[in-house]
Amino acid sequence: MPTRDVWRLRRAGSLDRLSRETEELEAPRSGHARVAVGAVGLNFADLAACLGLYSATPPGAFVPGLEFAGTVEAVGEGAAAVAPGDRVIGLTRFGGYATRVNADARYLHPLPAGWSVAEGAAFPVQAITAWYGISELGACKAGDTVLVQSAAGGVGLNALAILERLGARVVAAVGHHSKVAFLVDHAGLERRQIVVRDRGTFGSQLDEVLRVNRMSGFDLVLDAVAGPFFDPAYRRLRPGGRIVIYGAADLMPSGTRTNWLKLAARYLARPRVDPIQMVSANKSVMGFNLIWLWEQADRLPRAYAGLAPHITRPPHIGRRFAFAEAPAALRYLQSGGSIGKVVLEV
Ligand SMILES: NC(=O)c1ccc[n+]([C@@H]2O[C@H](COP(=O)([O-])OP(=O)(O)OC[C@H]3O[C@@H](n4cnc5c(N)ncnc54)[C@H](OP(=O)(O)O)[C@@H]3O)[C@@H](O)[C@H]2O)c1
């Protein structure tokens, strides 16, 4: 029986509980394929799961990780779509922080020609998230004005690429000045399109960026930060405007353990909207979490097909860590300073 290494948490709640373990891996069961993992993509959700803040986390011990790329080693009965030797991108509902994975073959996708395994592992979760928010829920069209929160992050850069192809007019918000030069030099934005978020004055920052760019408000806001930044953006939606909310990074604790008191205070101060007022204001708020669509595997080909025209280059990998450095990689992602994707290389 082949062996593998995994990063496992006996119990969610602290990054310090992550431990590396070696174990045997049984043969892939029906409809599954064994993949030798070359790289693992990190997601903000991994952090939330490790810290006990993610409702989709399995109870008890679990291996984090939602995406990977590598080479198929063996296939179970009925997994005819893949064959040993295929280079694939994979989605998994947890279990991705592993050097080998038995994956449901419906969630494997060919690695695009010319892409490295690290680029493949960096792709599906964040690209599908951006596409789903912009196209499926956001119904974005050419000329729409769009505010993208965390624009230099993994989802954010995918969103910028899709919005550029769609011909939308973009305002990008980031949490730190260190990300501005990257957005100008590598994402093709002009400085006047970028806001470095300030907790106390975000509303007037948005007014200024709208004025400078001759925009009257936003048709679409992509927000995974929430907290005090939601309401100022909601107020600046144009009639017919939509906020698509898919995360709450503002609740992310800064330490390796969760400070529940501080978290509770922020949670109690979370944004609220009045649905009756939404009718007269002609504004919509939509939320999603793709992991709850996991069972709907037949939606995945549509997502890859929807994304295909927008993907002109591989995702930007901001930083690579060795598989052995998973805890350090998660702490780096947690710092809020990362740009693009963070990957583990096996
Ligand atoms: N609903 C879904 O299905 C789904 C799927 C994938 C991702 N997401 C969400 O989308 C967001 C982006 O995900 P990602 O994986 O691409 O991550 P990312 O954007 O690469 O990194 C997260 C970013 O959150 C921002 N942030 C705001 N407050 C923070 C805080 N208190 N601590 C740390 N970072 C903070 C930081 O950027 P700035 O400070 O520059 O804003 C940070 O870089 C996350 O909130 C994630 O949970 C949702």
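Computed from a predicted model, the values in this text were never measured in an experiment. Whatever order the structure lists ligands and atoms in, that order sets their numbers, starting from 1.
Backbone and side-chain nitrogen or oxygen atoms of Tyr246 are examined, and one is located within less than 3.5 angstrom of a nitrogen or oxygen of ligand 1. Below 3.5 Å of separation, one finds no N or O of Ile291 facing any N or O of ligand 1. Between Phe288 and ligand 1, at least one N/O pair is under 3.5 Å apart. Taking any N or O of Phe44, backbone or side chain, at least one lies under 3.5 Å from an N or O belonging to ligand 1. Residue Ala248 places no N or O, backbone or side chain, under 3.5 Å from any N or O of ligand 1. For ligand 1, one of its N or O atoms has an N or O atom of Gly175 under 3.5 Å away.
In terms of heavy-atom proximity, Ile162 sits nearest to His310 at CG1-CB, 3.8 Å. When all heavy atoms of Ile89 and Phe123 are compared, the closest pair comes out as CD1-CD2, 4.1 Å.
Nearest-residue assignment for atom 18 (P) of ligand 1 (options Ser254, Ala249, Gly154, Ala226; heavy-atom criterion): Gly154. The heavy atom nearest to atom 3 (O) of ligand 1, out of those in Val174, Leu290, Leu251, is found in Leu290.
Note that CZ of Arg34 is 6.5 Å distant from CG of Leu25, once rounded to the nearest 0.5 Å.
A salt bridge does not link Asp207 with Arg211: every distance from a Lys NZ or Arg NE/NH1/NH2 to an Asp or Glu carboxylate oxygen is 4.0 Å or more. Taking 4.0 Å as the cut-off between side-chain N and carboxylate O, Asp250 and Arg197 do not count as a salt-bridged pair. Using a cut-off of 4.0 Å between Lys/Arg side-chain N and Asp/Glu carboxylate O, Lys283 and Asp274 are scored as not salt-bridged. Comment: Glu136 does not engage Arg299 in a salt bridge, judged by the lack of any side-chain N to carboxylate O separation of less than 4.0 angstrom.
Atom 45 (O) of ligand 1 has as its closest protein heavy atom Ala224 O, 3.2 Å. Looking only at protein heavy atoms, the nearest one to atom 19 (O) of ligand 1 is Gly153 CA, 3.5 Å. Here the heavy atom of the protein found nearest to atom 36 (C) of ligand 1 is Gly336 O, 3.7 Å. The protein non-hydrogen atom at the shortest distance from atom 25 (C) of ligand 1 is Ser150 OG, 3.5 Å.
Close to ligand 1: Gln126, with a non-hydrogen atom less than 4.0 angstrom away.
When heavy-atom distances to ligand 1 are checked against a 4.0 Å cut-off, Val155 comes that close through both its backbone and its side chain. Of the heavy atoms in Arg197, only side-chain atoms (C-beta onward) come closer than 4.0 Å to ligand 1. For Tyr132, no heavy-atom contact with ligand 1 is shorter than 4.0 Å. At a 4.0 Å heavy-atom cut-off, ligand 1 touches Gln334 through the backbone alone.
Ring orientation note: the planes of Tyr54 and Phe94 are tilted relative to one another, at an angle of 30° to 60°.
In this structure, the ring of His316 has its center less than 6.0 angstrom from the ring center of Phe182.
The Lys179 neighbourhood of ligand 1 comprises atoms 36 (C), 37 (O), 38 (P), 39 (O), 40 (O), 43 (O), with distances under 4.0 Å to a heavy atom of that residue.
Phe229 belongs to a hydrophobic cluster whose remaining members, ordered by chain and number, are Leu147, Val171, Val195, Phe202, Leu206, Val209, Leu210, Met215, Phe218, Val221, Val225, Phe230, Tyr234, Leu237, Ile243, Ile245, Val273, Met278, Val285; membership requires side-chain heavy atoms of ILVMFWY residues under 4.5 Å apart, directly or through intermediates.
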